Protein chains: 2
Amino acid sequence: MSEKEPTAPRSGERITIREVAQDAGVSVAAVSKVLRDAYGVSDALRAKVRASMEKLSYRPRASARGMRGRTYTIGLIFPDLRNPFFADIYSGVNAALERTQYQAMQGINTTSGALNMTSSALIEAMIDRQMDGLVIIGPNMETQVLTDLGARLPLVVIGQHDRGGDAFDTVNNDDQLGARLVVRYLMGNGYRKIAMLSLSPSNSSIIQQREIGYRLEMMELGAGDAINIVRASQVVRDVQVTVRRLLSGPDRPDAIFCWTDLMAFEAISVATEMGLSIPEDVAIVGYDNTMFCDLAQNSLASVDQSGELLGLQAARMLVERIDGRVTAEHFMVPPRIVARASAGPRQPQD
Amino acid sequence: MSEKEPTAPRSGERITIREVAQDAGVSVAAVSKVLRDAYGVSDALRAKVRASMEKLSYRPRASARGMRGRTYTIGLIFPDLRNPFFADIYSGVNAALERTQYQAMQGINTTSGALNMTSSALIEAMIDRQMDGLVIIGPNMETQVLTDLGARLPLVVIGQHDRGGDAFDTVNNDDQLGARLVVRYLMGNGYRKIAMLSLSPSNSSIIQQREIGYRLEMMELGAGDAINIVRASQVVRDVQVTVRRLLSGPDRPDAIFCWTDLMAFEAISVATEMGLSIPEDVAIVGYDNTMFCDLAQNSLASVDQSGELLGLQAARMLVERIDGRVTAEHFMVPPRIVARASAGPRQPQD
DNA sequence: GAGATTTTGTAGAACGATATACGTAGAACA
DNA sequence: TGTTCTACGTATATCGTTCTACAAAATCTC
């Protein structure tokens, strides 16, 4: 109870490590060791310190920790917030972090266009805030930028097949296989003139992979002549115009393989407005198998890429990197087609 | 160029304020003042320092700033990520923060159930990370908890009508009016047996407000006998069961006013599966006017509560609070009904 | 039982900003 | 010419942790 410190701890202020140390009758360094699970702490001391921390309901401050060590915070960077698929990834990340000291903070990378930028404002902001590592989802930046970034801090990328040496890890579903499954599924149900509604600009490797998968499977199944790739940006208006043009052309496809469920919903909408029936006049398949696929008004066949698993794995790998791994690892989950009415078996033409 | 410092700055390390000061030939304190736009800096000095910061591409570290001052980071807490309405709020917040030094970091408050908790793990994590302030969206916690929280740091709450003295600001749409508009709109289109699909548990004030608005308008328009409120949680399965029960009862409503668009989409799905036509057999109205309402397969009439404006305003108010305002302010935007086919004019019964 | 090794704990200097308190140069005023 | 302001800059303590270096105690080794 003796107050010999020059600065008496003001009441009402937040508890610090110093007060915990004093309460437990040990040094500040000892408390810090317990906090970090560092080497050289006896069970007795650990218990004593833990008890004091509990009693005073002490919580370490990330800023102070960040000055010398880790902040125990990782950054999650999403390309947008409207696609519910990202919610799956998010919940996977959180599940992986549950029992660790780490906490995820998210941001949306709204930079469109400037692909060759050194980095993005959000990423710089995350670095300023001393994130221990980053998970970037569906990056629209060049591999070189990611490689440079990976040299600066632990990095895991979801949705990017190109590798950057040992600079970063990747977590993906097998996009090429996913596209193949879609073509196979549609062909099996009697569709042959399968168009692909892809994404523009197509700088990303997952786009390339899916397009390759589509092309190869079309050729292997003898429909090479029907290959037709059109591209639209994620902007609603753009998707609508593109789909409308595709469906009103002279050689209307009898199925469309869409980049995402979101685009597929737009496609269903446009087709419906044009008076076309799904799947009688045109079958639609999406990608991501988001929760909206199940709704009766959509009944959208889609490719499940287990977002939760992707997130889980990415978070695990990032923590490993933070803990010192310096060689790259790459994780790939198999996609799975989920059949639904939007691409059901084709009725014999009358 | 003289190196008389005891610690020579290691190359490859991040630029610090000290190096900027040295480069500009001024004191560290002067640089700090420029950074904070603090009083007592001449234009000449400011220019000199700015030039050096630019030249060295200096960026202040949030952790270090957080030790004594602000982190220039605010926390955004969402109740979930699946509702695209939150994306609108997010973009409003970002628009408001665009020209400031502040950066938003988000998190999802996944705590379900424990309403009377002192706080939530995410909120504590945000406090640990020295957020300068918090915007909480659609909190499922008691007002007292928010009041306590507001005493700890600047706080703005979106989607909560109950006030907490001067402890926090609120930003809302007029939920009571929104509900009234829906009833008025449906009545105007010939529907009378309007049921309300509300949210459970109904501890939140926005739920109460909407239910009050619904009840009052029903009574005022002479349909008090048709008042029927059913409740479901956000869980998909729960919504389905509730809607199915509602629609298969002996006294089927001819319209359902749903808590959110998401619930409305579920309702459309269930109704469709039951072989009911929309709006002939049952009209559906949602809330939030999310992007999916426009799709032909939904064509969902909804209430627009300008999420972007809500976010914009919340961020502005939060920054004001951080800058010292201590009295509460409350902002309310008027809701607006958006008519669509899901609740179009009723055809005369045959 | 002496030296070597390992385990356990401590002291105190960082980390990179902010903010207080103070010094100094001009300007304004008498 | 001195005095009093005001505007501008600076020196330096401080924030709450981590982490290096080291001391003391316990254990091992032969």
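In what follows, every chain begins at residue 1, and chains take the letters A, B, ... in the order their sequences are listed. All values reported here derive from a predicted model rather than from experimental measurement. Computed from heavy atoms alone, side chains included, the values below leave out hydrogens, waters and symmetry copies.
- Counting non-hydrogen atoms under 4.0 angstrom, V31(B) reaches nothing in the nucleic acid.
- Residue S63(B) places no side-chain N or O under 4.0 Å from the OP1 or OP2 atom of dA17(C).
- In this model, the phosphate group of dC19(D) is approached by a side-chain N or O of R36(A) to a distance below 4.0 Å at OP1 or OP2.
- Distances were taken from every side-chain heavy atom of A29(B) (C-beta onward) to each of dT8(C), dT10(C), dA19(C); the shortest belongs to dA19(C).
- Rounded to an integer number of Å, the gap from D43(B) CG to dA7(D) C1' is 12 Å.
- One can place CZ of R59(A) at 15 Å from C1' of dT17(D), the figure rounded to the nearest angstrom.
- Residue G133(B) comes nearest to L318(B) through the heavy atom pair C-CD2, 3.8 Å, listed as atom of the first residue, atom of the second, then distance.
- Each of T170(B), N172(B), T143(B) was scored for a side-chain hydrogen bond (donor to acceptor under 3.5 Å, both in side chains) with Q160(B), with one residue passing: T143(B).
- Side-chain atoms of R325(A) never come within 3.5 Å of backbone atoms of V319(A) as a donor-acceptor pair (strictly under, hydrogens ignored).
- When the side-chain nitrogen and oxygen atoms of R61(A) are compared with OP1 and OP2 of dT17(D), none of them lie within a distance under 4.0 Å.
- Note on Y58(A): only backbone sugar-phosphate atoms sit closer than 4.0 angstrom, heavy atoms only; bases stay farther off.
- The side chain of S32(B) places an N or O atom within less than 4.0 Å of a non-bridging phosphate oxygen (OP1 or OP2) of dT18(C).
- Distances from the side chain of P60(A) to the nucleotides dA11(D), dT17(D), dT18(C) place dT17(D) closest.
- When each of dC15(C), dT10(D), dA17(C) is scored by its nearest atom to the side-chain atoms of M67(A), the top-ranked nucleotide is dC15(C).
- In this structure, CG of L45(B) is placed 15 Å from C1' of dA25(C), rounded to the nearest angstrom.
- A straight line from CD of E19(A) to C1' of dC15(D) spans 13 Å, rounded to a whole angstrom.
- Between the P atom of dG16(C) and the CG atom of D128(A) lies a distance of 13 Å, rounded to the nearest Å.
- A pairwise comparison of heavy atoms in Y72(B) and D132(B) identifies N-OD2, 2.5 Å as the closest pair.
- Dashed line: the shortest gap from a side-chain N or O of R65(B) to OP1 or OP2 of dT18(C) is under 4.0 Å.
- Taking atom CD1 of I15(A) as the reference point, atom C1' of dT17(D) lies 15 Å away to the nearest angstrom.
- The base of dA14(C) lies close enough to the side chain of R68(A) for a donor and an acceptor atom to sit less than 3.5 Å apart.
- Rounded to whole Å, the distance from CD on Q130(B) to P on dA17(C) is 16 Å.
- A close approach under 4.0 Å does not occur between any side-chain nitrogen or oxygen of Y39(B) and OP1 or OP2 of dC8(D).
- Counting non-hydrogen atoms under 4.0 angstrom, R70(A) reaches nothing in the nucleic acid.
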D43(A)/R50(A) under salt bridge (Lys or Arg N to Asp or Glu O under 4.0 Å): CA gap, chis, key distance, verdict: CA-CA 10 Å; D43(A) 290 350; R50(A) 287 260 162 80; over 6 Å; no
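- If you take NZ of K33(A) and C1' of dT7(C), they are 9 Å apart, rounded to a whole angstrom.
- For dG16(D), the OP1/OP2 oxygens have no side-chain nitrogen or oxygen of T16(A) closer than 4.0 Å.
- Comparing dT17(D), dA19(C), dT18(C) by their nearest atom to the side chain of V28(A) picks out dT17(D).
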Verdict with reasoning, D128(B) to R14(A), per salt bridge (Lys or Arg N to Asp or Glu O under 4.0 Å): CA-CA 10 Å; D128(B) 294 345; R14(A) 192 167 169 151; 2.6 Å; yes
